[in-house]
Number of protein chains: 2
Amino acid sequence: MSADLEEKVTPDVLRAAWPYLAAGERAEACLLLSRSEGDDFFLELSPFDQAGVLQNVSLGAQRTWMRLLAPDDAADLLQILDLEQRERLLALLDEPTHREVSALLAYAEDAAGGLMSPRFARVRPDMRADEAIRYLRLQAQERIETIYYAYVLDREQRLLGVASFRELFASPPERVVREVMNEEPVMVREDMDQESVAQLFQGRGFLALPVVDADRHMKGIVTIDDIVDVVQEEATEDVQKFGGMEALDVPYLQTGFWSMVRKRGGWLAVLFIGELLTASAMSQFEEYIAEAVVLAVFIPLIISSGGNSGSQASTLIIRAMALGEVRLTDWWRIVGRELAAGVSLGVLLATLGVVRVVAWEEMFGTYGKHAALVAITVGGSLVGVVTLGALCGSMLPFILRRLSLDPASASAPFVATIVDVSGLLIYFGIARLVLTGTLLG
Amino acid sequence: MSADLEEKVTPDVLRAAWPYLAAGERAEACLLLSRSEGDDFFLELSPFDQAGVLQNVSLGAQRTWMRLLAPDDAADLLQILDLEQRERLLALLDEPTHREVSALLAYAEDAAGGLMSPRFARVRPDMRADEAIRYLRLQAQERIETIYYAYVLDREQRLLGVASFRELFASPPERVVREVMNEEPVMVREDMDQESVAQLFQGRGFLALPVVDADRHMKGIVTIDDIVDVVQEEATEDVQKFGGMEALDVPYLQTGFWSMVRKRGGWLAVLFIGELLTASAMSQFEEYIAEAVVLAVFIPLIISSGGNSGSQASTLIIRAMALGEVRLTDWWRIVGRELAAGVSLGVLLATLGVVRVVAWEEMFGTYGKHAALVAITVGGSLVGVVTLGALCGSMLPFILRRLSLDPASASAPFVATIVDVSGLLIYFGIARLVLTGTLLG
């Protein structure tokens, strides 16, 4: 760390410099902040960055910062580390938090249980509103996640209802909680997938939702700020899968080089092996090309048009599925729509393609006396591959989901590979039909 | 609407049936719910769906539901409608809300001002904590967005600081607000882009942030539930652009057919015109192909490998930019990284490609006595195009952003088109180098 930076480290300076610092420098810089600035700064870091800092500071600082974390944030951080480091940092927590965090670590990272905080405000159903408020005030001094909802539990810790702080506050002081609470609150099952949890929050203005087990025992709460992270994380995963690779799970610049190459290389190799089929398909048509070299000229144009059309269709469907706008049972509505869209778009591109062939023929005489037939072959193939692209692109996500695979794996490159191979068959099929007896012997 | 559905309409039934209902049926179904269920259901709809329902109910229902909406939600809904309908619905609001909503409509939809609610809780700096709480309790009975932050304003409505309800609640009753409040709260400028606002919320646990003008006059608050919507919306836009099309802005199944075809057709046509360059490039090499038809066989394989590599790289960079992980000034770090990744991945695919050529030669004698040279040509080209793909894919988002265009337009198909054309030049360039005197005359 340069002396220059050392003199004027403020949270803002550090935020700006952050991406350019190595792990050791980051930890050092955090320690240069004042105690309270440093604490706040540490808390606003992503779990990944927090883990990086903790691995580079003294045991004392590790203990201080670990103890600042809410149990759910501590669990997120620990999930990143290997088992040995995890145990070492867990041991720094006080006993009750240790227990809470261990319980959270037992859940899958992307389940509601792995997202929740066990620190919620609880009240009894027979309390009066003013008693409940006083009791919440007491709890507000502890480290509970939010006082804005009071969860009403019976003696077995089963959830009877939820009263928002605001409702308690606005109701007559002598009214009992049972009469103020909502008895049918929206609840989250502990094993619910985090994407579904995010959909429950959508557009309903909840700040937090209770997490319960099968018997309605209260386990914790999921707060909306965690949902923002979930939404970003899921979108990033989808986008990366859609780009034709495994999700990185870690910010790009912080991903180890070889780990990144592995995540990209795996899919690239799979796609490459798929694309080898194009070489096999092409071999079948070598004679056609030998007889009419002009056929080779349009191959990239035609297969890429199919790929582009497929890429659009699969993006639309994958995203609509992620947002819950389209369900598995909708597939037949979408087949119709995409068939119509594919033909319309195919006709559009075919028109452009025919214009190109005719124009070049007029200007340069490129295609000789069979120009019209070449134009028909190119135009017809474009309608075929663009339609095929729209159908493959839109149906592949459904097929993957039906097979319980992630629809987001129907990436642009994956769809393009399928369409490339079948597009070549369409192209040479139409060429044989149109050109036999003229360009083809 | 079938009598069957009519008998048992509950919010859950309606939620499940929603995607399958036409606009008129949706409105009808909402009216079949009980008054309070119908109100809740209406409020949880997206602005787009709310607009659809309002266009299909009586004036009385329109008035009731319009008046339920918070000003920011009303503004979101009205922004969807044409001017005439907008005026008509605005007129149904009571006078103060009418003024608030009109003020919000003046902001750009994707600016902080277009996102904020003007209904926040305010306190004076010289109030005691218990007075402030009593005053907040009073405000909680009105329709303010949240009581969880009290905004401390001077007489000119300038923001002096923010006190969280919880802090006021936990502090000694006689302490004055000025001493409890945070004097350096995180603030949002009214013209700030919504994506930047979302980044401010990231990982900091804010439930709401104050929106101010250039002179720190308090204009409203942005709440975290709006941020969840922003994050979803921006991710959807990015994903759709990345798939090679204009963002739809409306759920897939609710987009008009021709509007969707137009949004897809525009980009498809642009990409097609770009791909026409491949036909021109290929024409230059017709003689090569005539002499060595085997060259045509590997064209789809090679250009698609470049496209796939480019698609991976551009996805990674676009997403990292959207999350603020990578800045414009990082480009040189990324060039180095992607160059190395591209070469590594290229060598991987080249190995697979060479194995394929050699294996087919051994098994079927496909490539004749120059098989080794063919293998070298294919392998060398793969290293070249995969590296080129990684470089183009990673740099294009930087170039677009430098030109103040949206980096997300560096879509998989866009990158593939660039790489297709240049990939052909690499392939035939290497072929000339390696095969002249043997396969090429």
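Because only heavy atoms are used, hydrogens play no part in the values below, and waters and symmetry mates are left out as well, while side chains stay in. Letters A, B, ... are given to chains in the order of the sequence lines, protein chains preceding strands, and every chain is numbered from 1.
- Of the listed residues (I273(B), V386(B), L323(B)), the greatest number of heavy-atom pairs within a distance under 4.5 Å of chain A belongs to L323(B).
- Note on ring orientation: taking the six-membered ring where Trp is involved, the planes of F414(A) and W267(A) are tilted (angle from 30° to 60°).
- Interface remark: S314(A) contributes no atoms to any contact with chain B (heavy atom separation under 4.5 Å).
- Shortest non-hydrogen contact noted between P413(B) and N308(A) is CB-OD1, 3.1 Å.
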Check your understanding: So D226(A) and T223(A), side chain to side chain donor-acceptor pair (under 3.5 Å) or not? Walk me through it.
Key -> CA-CA 6 Å; D226(A) 297 321; T223(A) 52; 3.0 Å; yes
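- Two residues are said to be in side-chain contact when any heavy atoms from C-beta on lie closer than 4.5 Å; V239(B) and D238(A) fail this criterion.
- Atom CD in E167(A) sits 12.0 Å away from atom CZ in F165(A) (nearest 0.5 Å).
- Contact check for T236(A) versus E233(A): no side-chain heavy atoms found under the 4.5 Å cut-off.
- Of the residues considered (D330(B), L268(B), I289(B)), L268(B) shows the highest number of contacts with chain A, using heavy-atom pairs under 4.5 Å.
- Between chain B and the options G393(A), A340(A), A412(A), the largest number of non-hydrogen pairs under 4.5 Å is found for A340(A).
- For L277(A), no part lies near chain B; criterion is any non-hydrogen pair under 4.5 Å.
- At a 4.5 Å heavy-atom cutoff, the contact between R15(A) and chain B is made by backbone and side-chain atoms alike.
- In terms of heavy-atom pairs under 4.5 angstrom with chain A, the leader among D73(B), V228(B), V294(B), V421(B) is V228(B).
- Of the two parts of A320(A), only the side chain, counted from C-beta on, holds a non-hydrogen atom closer than 4.5 Å to a non-hydrogen atom of chain B.
- A donor-acceptor pair under 3.5 Å is absent between the side-chain atoms of E246(B) and the main chain of G265(B), judged by distance alone.
- Ranked by heavy-atom pairs under 4.5 Å with chain B, the list F242(A), F298(A), W18(A), F257(A) is led by F257(A).
- Ranked by heavy-atom pairs under 4.5 Å with chain A, the first of V326(B), I317(B), L276(B), V230(B) is L276(B).
- Options D225(B), I227(B), I224(B), L207(B) differ in how many heavy-atom pairs under 4.5 Å they form with chain A, and the most are formed by I224(B).
- Listed here is the closest heavy atom pair of S411(B) and K241(B): CB-O, 3.2 Å.
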Practice item. Please step through side chain to side chain contact (heavy atoms under 4.5 Å, CB included) for the pair Y252(A) and I334(B), ending with a clear verdict. Key: CA-CA 10 Å; Y252(A) 171 79; I334(B) 288 165; 3.8 Å; yes
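- Each of D40(A), I133(A), L295(A) has some count of heavy-atom pairs under 4.5 Å with chain B, and the biggest count is that of I133(A).
- Using a 30° and 60° split on the angle between ring planes, F169(B) and F169(A) fall in the perpendicular class, above 60°.
- When heavy atoms are compared at a cutoff of 4.5 Å, L348(A) approaches chain B solely by way of its side chain, counted from C-beta outward.
- The greatest number of non-hydrogen atom pairs below 4.5 Å with chain B, out of E325(A), Q312(A), M282(A), is found for Q312(A).
- For R319(B), the part sitting under 4.5 Å from any heavy atom of chain A is the side chain, from C-beta outward, and nothing else.
- For chain A, the option among A235(B), S311(B), P300(B) with the highest count of heavy-atom pairs below 4.5 Å is P300(B).
- Residues A313(A) and R264(B) approach most closely at CB-NH2, 3.7 Å, considering heavy atoms.
- Annotation: maximal heavy-atom pairing with chain B below 4.5 Å, among E234(A), E287(A), R337(A), E275(A), occurs at R337(A).
- When heavy atoms are compared at a cutoff of 4.5 Å, I299(B) approaches chain A solely by way of its side chain, counted from C-beta outward.
- Inter-residue side-chain proximity for V419(B) and I303(B) is flagged as unmet; no heavy-atom pair is nearer than 4.5 Å.
- Heavy atoms closer than 4.5 Å to chain B are found in both the backbone and the side chain of L301(A).
- Contact record, A279(B) with V297(A): O-CG1, 3.4 Å, taken as the closest heavy-atom pair.
- A cation-pi contact, defined as under 6.0 Å to the ring centre and within 45° of the axis, is absent between R262(A) and W258(A).
- Interface remark: T255(A) contributes backbone and side-chain atoms alike to the contact with chain B (heavy atom separation under 4.5 Å).
- Contact annotation for D420(A): only side-chain heavy atoms (C-beta onward) come within less than 4.5 Å of a heavy atom of chain B.
- Only the side chain of S344(A) comes within less than 4.5 Å of a heavy atom of chain B; its backbone N, CA, C and O stay farther away.
- Comparing I318(A), V261(A), L424(A) by heavy-atom pairs within less than 4.5 Å of chain B, the highest count is held by V261(A).
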